[in-house]
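Below is one structure; the comments refer to it alone.
Naming: A, B, ... by sequence-line order, numbering from 1 per chain. Here the structure is a predicted model, which means the values were calculated and not measured. All values below come from the heavy atoms of this structure, side chains included, with hydrogens, waters and symmetry mates left out.
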Amino acid sequence: MTMRIKEILKSAEIQSTITVEGWVKTKRELKAFSFIEISDGSTMDGIQVIIDKDLADYDNIIKQLNTGASVSAEGLVVESPGKGQRIEVQASAVTVHGGADPETYPLQKKRHSFEFLRTIGHLRGKTNTLGAVMRVRNACSTAIHQFFQEKGFLWAHTPIITASDCEGAGEMFAVTNFDIANPKRSKDGTIDYAEDFFGRPAYLTVSGQLEAEVMAMSFKDVYTFGPTFRAENSNTSRHLAEFWMVEPEMAFCDIIGDQDLAEEFLRYIFKYVLETCPEDMEFFDKRIDKTVLGTAQNIIDNDFARITYTEAIALLEKSNKTFEFPVEWGIDMQSEHERYLAEELFKKPLIVTNYPKDIKAFYMRLNNDEKTVAAMDVLVPKIGELIGGSQREERLDILEQRIKEMNIEADDLWWYLDLRRFGTVPHAGFGLGFERLVQFMTGMANIRDVIPFPRSPLNAEF
RNA sequence: UCCUCAGUAGCUCAGUGGUAGAGCGGUCGACUGUUAAUCGAUUGGUCGCAAGUUCGAAUCUUGCCUGGGGAGCCA
């Protein structure tokens, strides 16, 4: 295997002969020779290759080496006399694998809008910004696994297809092998799901949490990291129909331990990415959002603010700001409220805990005041809710009571309730929207630009 | 789904009732160890789609489609 360009730029020895493989970023033709900049996605910078006019078939090769063409170039590594790069390659043999007609190749040597790049999703990974995004995204994934593995968490592969429609986290996509124009029907005309593949209605998962709880009851500390699906007709810069979610779940853990983990987790990831992708992070800070590096450092250096929901409402009430949605105890906080707290008041991530029970899910642990539950949201500037978690209700009688109050079908949850019958224990966990994390970290304004193949309403082209 | 703004050359946009424009890109040439090279010339259009008003519509009206921003829902 040949060296990646990142390695070549870092450690190729002067006067050694190497082979560069990649795609042409720019070509600059001079009279006696040409400069070709080649990149392979391993790093932001390309490598400069000099092709001398003496090279066999020079005119034909140069004619093909337009932006986007694929090429292998063998040559001698030399110190670069020009500014802007330490080394360059004096080509001795060049193979063009595939040209890219400049009349029709959509990527130009200039800035493109992200809206336009979304229309050429199959090519946009070749751009500086999307390249940097994908490398940071990769580093985030690695950091997540490394963080949990170092702590002894078990990576639990929770199902993508689920038959329980009681997860309560949003609209679901149906999964069926019926001919949807002609599904099997009962005598009364309704669709007969007993005849469907699973013998019952099935859906794409909206959360792996309930299954993660199952795994935590055997393995103590577990996490999920996989795709999640929401069918809401939601069109915003922070929603996807298919996104990746990270969900740790810890037995013998309360809401305080949950918050501690969330904070340590985010700090670890930011640190890892700053160490492994410094050029990409500098690029974001310089070209995308000037607060990127400051935000990262802020997370690494400072504790998150921690307040209760009740305190948050009090802060909003005395803020003297007029909100579109009026503030009073019991409301579900709106985006404008969360953003005020995170962006203006605290100017850093904050964790809000102990929300009113009526606005939270059935599985969250009821507090002693019997009005609030042990929920926690991590709110960050610009994104809003990055993490949502809770201590889970481990007491069977109270959980059954809550399920009844919220009119949820308890029969479907028999296995979930069994966890409280057989060796129940206080436990807690949270869910993190992976793309929101990448968005927050890179400063990218639209979540569709931090995933290679975004899925959103009317968008599944690539 | 709601509110709002937009859709004109490959890209980014100007043109707001009277002959469709600029910059970038592409092409050709010149020049130069260049680096989003530079300079000159040149190329390029079903003005989102459909209907309507008008002597005349990119421009005004209506409907639809698509995209951006915001909201809701959520991670």
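- A/E79 comes within contact range of no nucleotide atom at all, as no heavy-atom separation falls under 4.0 Å.
- For B/U1, the paired base is B/A71 (Watson-Crick or G-U wobble, both distances below 3.5 Å).
- Across every strand in view, B/G10 sits in a pair with B/C24 that passes the Watson-Crick or G-U test at under 3.5 angstrom.
- Look at the C1' atom in both B/G68 and B/A30: the space between them is 43 Å, to the nearest Å.
- Salt-bridge formation is detected for the pair A/K27/A/E29: a Lys NZ or Arg NE/NH1/NH2 atom is positioned less than 4.0 Å from an Asp or Glu carboxylate oxygen.
- We find that A/E264 and A/R267 are not joined by a salt bridge, their nearest charged nitrogen and carboxylate oxygen being 4.0 Å or further apart.
- Between the side chain of A/H239 and the base of B/C74, a donor-acceptor pair under 3.5 Å is found.
- With both pairing distances under 3.5 Å, B/U54 is matched to nothing as a Watson-Crick or G-U wobble pair.
- A/W155 has its ring centre no less than 6.0 Å from the ring centre of A/F148.
- Taking the charged nitrogens against the carboxylate oxygens, A/K321 and A/E344 do have a contact shorter than 4.0 Å, which makes a salt bridge.
- Remark: the A/Q48 side chain and the B/U34 base include a donor-acceptor N/O pair separated by less than 3.5 Å.
- For the P atoms, the distance linking B/A51 with B/G15 amounts to 28 Å, nearest Å.
- Atom pair A/E461:CD and B/G67:P shows a separation of 11 Å (rounding to whole Å applied).
- In this structure, the ring of A/Y340 has its center less than 6.0 angstrom from the ring center of A/F323.
- Here the nucleotide nearest the side chain of A/Q108, chosen from B/A37, B/U32, B/G25, is B/G25.
- An OP1 or OP2 oxygen of B/G68 is reached within less than 4.0 angstrom by no side-chain nitrogen or oxygen of A/S237.
- Salt bridge annotation for A/D260-A/R306: present, with a cationic side-chain nitrogen under 4.0 angstrom from a carboxylate oxygen.
- The pairing partner recorded for B/U16 is none, the criterion being a Watson-Crick or G-U wobble arrangement whose two distances lie under 3.5 angstrom.
- Per the geometry, CZ belonging to A/F35 stands 15 Å off P belonging to B/U38, to the nearest Å.
- In this structure, A/N446 reaches the B/G69 phosphate: one of its side-chain N or O atoms is under 4.0 Å from OP1 or OP2.
- Look at the P atom in both B/U66 and B/G29: the space between them is 45 Å, to the nearest Å.
- One can place CD1 of A/I50 at 15 Å from C1' of B/U32, the figure rounded to the nearest angstrom.
- OP1 or OP2 of B/C74 has not a single side-chain nitrogen or oxygen of A/R230 nearer than 4.0 Å.
- One C1' atom belongs to B/U46, the other to B/A58, and the distance between them is 12 Å to the nearest Å.
- Taking atom NZ of A/K53 as the reference point, atom C1' of B/U32 lies 14 Å away to the nearest angstrom.
- Using N1 to N3 plus N6-O4 or O6-N4 for Watson-Crick, or N1-O2 and O6-N3 for G-U wobble, each under 3.5 Å, B/C39 pairs with B/G29.
- For A/L458, counting side-chain heavy atoms from C-beta on, the closest listed nucleotide (B/G33, B/U66, B/A37) is B/U66.
- If you take atom C1' in B/A71 and the same atom in B/U38, they sit 49 Å apart, rounded to whole Å.
- Taking the side chain as every heavy atom from C-beta outward, A/I47 and A/D40 never approach each other to under 4.5 Å.
- Toward the 5' end of RNA chain B, the nearer of the two residues A/S80 and A/Y105, judged by each one's closest nucleotide, is A/Y105.
- Residue-to-nucleotide contacts include no donor-acceptor pair under 3.5 Å from the side chain of A/S234 to the base of B/C74.
- Taking atom C1' on both B/G25 and B/U12, the two are 11 Å apart, rounded to the nearest angstrom.
- Out of B/U66, B/C73, B/G33, the shortest distance to the side chain of A/E232 is found at B/C73.
- Remark: P of B/G70 and OH of A/Y340 are 21 Å apart, rounded to the nearest angstrom.
- Proximity of A/Q334 to the phosphate of B/A71: no side-chain N or O atom is located under 4.0 Å from OP1 or OP2.
- With hydrogens and angles ignored, no donor-acceptor pair closer than 3.5 Å exists between the side chain of A/E115 and the base of B/U66.
- When Watson-Crick and G-U wobble pairs are counted only if both distances are under 3.5 Å, B/C64 pairs with B/G48.
- With ring centers used as reference points, A/F33 lies 6.0 Å or more from A/Y58.
- When rounded to the nearest whole Å, the span between CG of A/N235 and P of B/C3 equals 14 Å.
- Side-chain to base pairing of A/E324 with B/G70: no donor and acceptor N or O lie closer than 3.5 Å to each other.
- Within 4.0 Å (heavy atoms only), A/F116 reaches sugar-phosphate atoms of the nucleic acid but no base atom.
- Remark: A/R448 is in phosphate contact with B/G68, judged by side-chain N or O atoms under 4.0 Å from OP1 or OP2.
- We find that CG of A/L117 is positioned 14 Å from C1' of B/G68, with the value rounded to whole Å.
- Residue contacts for A/L30: at a heavy-atom cut-off of 4.0 Å it reaches a base atom on one of the strands shown.
- Here A/K31 reaches the OP1 or OP2 of B/C31: one of its side-chain N or O atoms lies under 4.0 Å away.
- You'll find that the side chain of A/K110 is closest to B/G10, out of B/G69, B/G10, B/G33.
- Taking atom P in both B/A22 and B/A14, one finds a spacing of 16 Å when rounded to whole Å.
- Here A/L240 lies in heavy-atom contact (under 4.0 Å) with a base.
- Ranking B/U66, B/A37, B/C11 by closeness to the A/H112 side chain, first place goes to B/C11.
- Nucleotide B/C74 holds its C1' atom 9 Å from the CZ atom of A/R238, rounded to whole Å.
- Note on A/E435: nothing from the nucleic acid sits closer than 4.0 angstrom, heavy atoms only.
- Between A/F440 and A/F270, the ring center distance clears the sub-6.0 Å criterion.
- Contact between the side-chain N/O atoms of A/R118 and the OP1/OP2 oxygens of B/G68 is found at a separation under 4.0 Å.
- Looking at the side chain of A/S113, the nearest of the listed nucleotides B/U12, B/G68, B/A71 is B/U12.
- Within 4.0 Å of A/E88, counting heavy atoms only, lies at least one base atom of the nucleic acid.
- Atom name P, nucleotides B/C11 and B/G48: the rounded distance is 13 Å, in whole Å.
- Backbone-only contact: A/P102 has heavy atoms under 4.0 Å from sugar-phosphate atoms and none from a base.
- Of the candidates B/U1, B/C73, B/U34, B/C73 carries the atom nearest the A/T236 side chain, counting heavy atoms from C-beta on.
- Base orientation of B/U16: syn, since the glycosidic angle falls within 90° of 0.
- Under a 4.0 Å N-O distance rule, the pair A/K53/A/D59 does not qualify as a salt bridge.
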